[in-house]
Amino acid sequence: MPRYIVERTFPKRARLIGAGAADTHLAIVDRNADEGVTWIHSYVSDDRKKTFCVYDAPSPEAIRKTAARNELPVDRITQVRLLDPYFYT
Amino acid sequence: MPTATTTTFDRSTDLLERSHHLAALRQSLAAVRSTSRGRLLLVGGEAGVGKTALIRQFCDEQRRSVRILWGACDALFTPAPLGPLLDIAEPGGELEALVESGAKPHEVAAMLVRELRTRPTVFVLEDVHWADEATLDVLKLLGRRAETVPALIVASYRDDELDRAHPLRIVIGELAANAAIGRLKIAPLSPVGVAALAEPHGIDADDLFRKTAGNPFFVTEVLAAGEAEIPPTVQDAVLARAARLTRAARSLLEAVAVVSPKGEVWLLETIAADAIEHLDECVGSGVLIADAEGVRFRHELARLAVEGSVALNRRVALHRKALAALADPPTGEPDLARLAHHAEAAGDTDAVLRFAPAAAARAASLGAHRESAAQYARALRFGDRLSAAERANLLERRSRECYLTDQYDDGIAALEQALECRRALGDRVGEAEVHRRLSEFLWCPGRTAEAERAARDAVTLLERLPPGRELVRAYHNLGRLCGAAARSEEAIAWGGRALELAEQLEDAEGAAHALTFVSSVQGDYEQLEQSLERARRGGLAEQVGHISILLAAAAVESRRHPRASRYLEAGIVHCSEQGLELFRLYLHAHRARSELDQGRWSDAADSAASVLRVPRTSTTPRILSLVVLALVRARRGDPQVWPLLDEAWKLAEPTGELPRLAPVAAARAEAAWLEGRHGTIADATGATLDLALRRSASWRIGELACWRRRAGIREEIAAGAAEPYARQLAGEWARAAEEWSGLGCPYEAALALADSEDDDALRRALRELQRLGAAPAAALVARRLRQRGARGLPRGPRPATRKNPANLTARELEVLALIARGLRNAEIAERLFLAEKTVDHHVSAILRKLGVRTRGQASIEAARLGVVAQDR
């Protein structure tokens, strides 16, 4: 399945960390499963307004669909491949 | 009959670690009963994982309160069409009569819907990965209407055996969008579960888990075999268990394995008379199970293992006996599909040639075209000594079934052989007919030059003979090929000749078809609508589908979307009911384009994806859908645009036909423009624009010329562009934008504004593009505005609005807020001054829209969506 990085900008601090986040996360994971989308993990900027999220998904449309369902913004979707710096050492 | 101990043994093992699956089944049934809206539950899992045992357990516990209907699909290479539905039909009842009378799947589905409406039912269809095409059609139609009947429809299947092109996968994909579909995945047993089973037998639990991977069927076979050493494969385990039976019982078991899928007692009495008294021993051991119709293996895996162990000469002898017995059953009609199967396995040429074509004809009449094609192929494998005429006949019939099931290569090969037979016979008319059909075949996968040659061969041959209806069809066919290539004048000329000759010959049907065709080339909606109405009244299902496509395609091309959607919706319903799958794909592809043009990009992507999921060879729907999906991605700035456009071009280019080339060329130009690669646009569009000019295709000319203009190509303004494009090319961007808005095309309207030199218009374009989620085009416009010194531009699209979550209406939001406070329906009704029944309706609509099953889950969703806070 293709892998994607999804960039998101939040108008306010993202509510993705801290108390109560676990339930939100599980609900997101559940809804993603309907479209065959797997959230691998995310990187969050220090001000928590920008996230870079790594996903496995069947298509960009599936990512947008789950984003709408989870009410998450999408700035840009980029298809990526893993590059491992230690692979050839 | 099964002994008590065996039953207990099987129950307790099969249903270990299944309590939450059972709970899910119960919950689904409770929801169906409380709302009277049905559901289709797809139960998937590997072979032997315990799907049937689970469903049987569930049905046993519900049997007192609901009706249970149970149909099973058989593991035959060519299953009997609609066989599983005969299982559930009452003997002598309406359904049986309907199926045996050769009714079409949509008629059978309609009767089932009527029947299911009468009372709450659990309707089980077992092993649908083996279902024949007609049964799958029924399942599909039933799934679409599940919500209208108080029934829980449970379909089980092996999810590890569906390759990409498996017909069931396509059905599941199509049903996936439906809200009334649920899925249940059954996993193998855990190491803990296996250990619990192994313990009383003193078997090494780790070893048992490692060898069986937790497969419940394998585990029970091993335990039942009771060997000290665990057999390495499931076959070995089955045979070890069978080895504990007496010799005579084993021989009976072999007979049952050969006469799959079921062993009627009368049949076994005939073919294994000396061993029949050991039936109880086989059943008592748990290897076979008995039901009203006879005996069958507890599991197909066990049957396969035993069948594989039967010596070849004994197997052939058993097939021969079964063939003789089944040809003359004590009651009812002989089962042709089963006879053909045994005839081939027995190597009996006469019987194959007698039963396979008959089984094929019956399958075709029931809409099971895949099975039909396979039965004709079976007959042809034994057809060496047939006469040339007989062979040609079978080959032509087979090709027709291949055509209907998208097996073009096989169909073309069959026709080429038929051509030789007709030539050898000196049958010129027959030869010409094969040429004509060959041309239809070749056109679909895009081999247009060969198709035209074949079409001309047919005309040439027939013109040398006295004129007949075949020549009418040959003219029409050649005209159709020209029409498909947008060569209107030639198309009308050939169509006219067909019409003229048909009238001369008083061939009413040929004349009607030719007239429809000529009107479609001339864009005469009125005439076409009349033809559509005539075809509908005359019950000409294929013709209705065909004309719907012509009308829809013309309306979509000229951006008359309300008109287009009328043709599309009616046409799609018609084609799905009649099982006209290829036609349905055409309509879906045109619908995708219409949705894209109306700015409904998510819908467009869904429609396009539904076409692309079907691995058809016919290229037109695929090309159109690839283009739509690529454009949705390109306009949103999403990845994976070019692989789609490259595939589309690869399919379209060799056809040389404008309707396939133009959408791809325009899309490639647009995608390049959005990426700022203007330099490639001239090459991407030049040849296609020339072709469009030669064909006077005004919408194609306009679209291509506009992209060239945007890419900065200075050339004489193309004459004959359709109106909104002509305005754009003339620099009248405001008028163009107005016209696009009038046609309901928001993206084109915004792009027209974006061509302007006016700041206000540019800002309007920017806002509209942001609203559509058209990030790359919005960025281009924003850059232009900034270059012109604009400040304070709105930034990017906002995240999804919270005003109307999940598309709930204002009233539904009110109701939801009260549900979240724990109010009951009666209380809500009182508070909102509504009838309680009305509140019931609102609540089920809310649950459906939120995609939840209970009020508790709805409350959680309400909190998440902020509905509660709004109300306080």
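The structure presented is a predicted model; accordingly, all values stated were derived computationally and were not measured. Reckoned from all heavy atoms, side chains included, excluding hydrogens, waters and symmetry mates. We name chains A, B, ... by the order of the sequence lines, and we start the count at 1 in each one.
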| said: At a 4.5 Å cut-off on heavy atoms, which part of A:Arg8 comes close to chain B: side chain, backbone, both, or neither? | reply: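 Answer is neither: A:Arg8 stays 4.5 Å or more from chain B.
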
Margin query: Does B:Gln640 form a side chain to side chain contact (heavy atoms under 4.5 Å, CB included) with A:Glu61? I'd like the steps, not just the answer.
Written below: CA-CA 11 Å; B:Gln640 284 165 287; A:Glu61 292 72 41; over 6 Å; no

Can you see which heavy atom on A:Pro60 is nearest to which on B:Pro639, and at what distance?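 So the two residues come closest at CG-O, 3.6 Å.
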
More than 12 heavy atoms of other residues, nucleotides or ligands under 6.0 Å from CZ of B:Arg600: is that the case?
->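 Atom CZ in B:Arg600 is crowded, with more than 12 foreign heavy atoms closer than 6.0 Å.
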
Point to revise | Derivation of the side chain to side chain contact (heavy atoms under 4.5 Å, CB included) call for B:Asp606 and A:Lys65 | key: CA-CA 10 Å; B:Asp606 282 347; A:Lys65 232 179 247 180; 2.7 Å; yes

Item to check | Side chain, backbone, both or neither of B:Arg636 within contact of chain A (heavy atoms, under 4.5 Å) | outcome: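 For B:Arg636, the contact with chain A is made by backbone and side chain together.
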
